[in-house]
Amino acid sequence: MIFIDLAAYRCPLALVKLKLALNQAEEGEVLHISLVDAGSRQDVPRFLLKLKYAFTELRNDDQMLVLSVVKSTAP
């Protein structure tokens with residue numbers, strides 16, 4: 001499991017860092033991603049849905065969004 005704290009980054013940098021992490025992750029590996037920026041909280045889930053990544057919201061409140069994403073190359 002990989003923990004990626006993107007709370008300090010605003011979009012689009014948070015999205016770029018997520019893309020890099022997904023490229024480096026192994027097939028089936030789980031990434032936990034934390035986001036604070038309002039733009040990132042909208043853009044990252046949209047990006048994951050577009051590319052058909054399986055993900056789950058672990059936390060979604062006024063403070064932070066935390067996602068669990070499974071790296072998969074197959075849709």
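Residues: numbered from 1 along the sequence shown.
Judged by distance alone, the side chain of Lys71 and the main-chain N or O of Glu27 form no donor-acceptor pair under 3.5 Å. In this structure a side-chain-to-backbone donor-acceptor pair under 3.5 Å is present from Asp37 to Cys11. The backbone N or O of Met64 lies less than 3.5 Å from a partner atom in the side chain of Asp61, making a donor-acceptor pair.
Considering every non-hydrogen atom in both Leu65 and Pro45, the closest pair reads CD2-CG, 4.0 Å. Nearest approach of Leu6 to Ala14, heavy atoms of both residues: CD1-O, 3.4 Å.
For Asn23, there are no side chain to side chain donor-acceptor pair (under 3.5 Å) partners, not counting sequence neighbours.
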Might you work through the side chain to side chain contact (heavy atoms under 4.5 Å, CB included) test for His32 and Leu58, ending with a clear yes or no? CA-CA 9 Å; His32 282 203; Leu58 301 177; 3.4 Å; yes
Step by step, would you call Leu22 with Tyr53 a side chain to side chain contact (heavy atoms under 4.5 Å, CB included)? CA-CA 10 Å; Leu22 286 169; Tyr53 279 100; 4.0 Å; yes
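Taking CG of Leu67 as the reference point, atom CD1 of Ile33 lies at 6.0 Å (rounded to 0.5 Å). One finds the NZ atom of Lys19 at 14.5 Å from the CD atom of Gln24 (value rounded to the nearest 0.5 Å). Between Ser72 atom OG and Phe55 atom CZ the span is 14.0 Å, to the nearest 0.5 Å.
Counting heavy-atom neighbours within 6.0 Å of Arg10 CZ, excluding the residue itself, gives a total of 12 or less. Counting non-hydrogen atoms of other residues, nucleotides and ligands closer than 6.0 Å to OH of Tyr9 gives a total of 12 or fewer.
Of the listed residues (Leu18, Leu15, Leu35), just one forms a side chain to side chain contact (heavy atoms under 4.5 Å, CB included) with Ser40, and that residue is Leu35.
Linking ILVMFWY residues whenever their side-chain heavy atoms come closer than 4.5 Å, directly or via other members, places Leu31 and Leu49 in the same cluster. No continuous path of ILVMFWY side-chain contacts below 4.5 Å connects Val70 to Ile2, so the two sit in separate hydrophobic clusters.
Counting heavy atoms from C-beta outward, Arg41 and Asn60 have side chains that approach closer than 4.5 Å.
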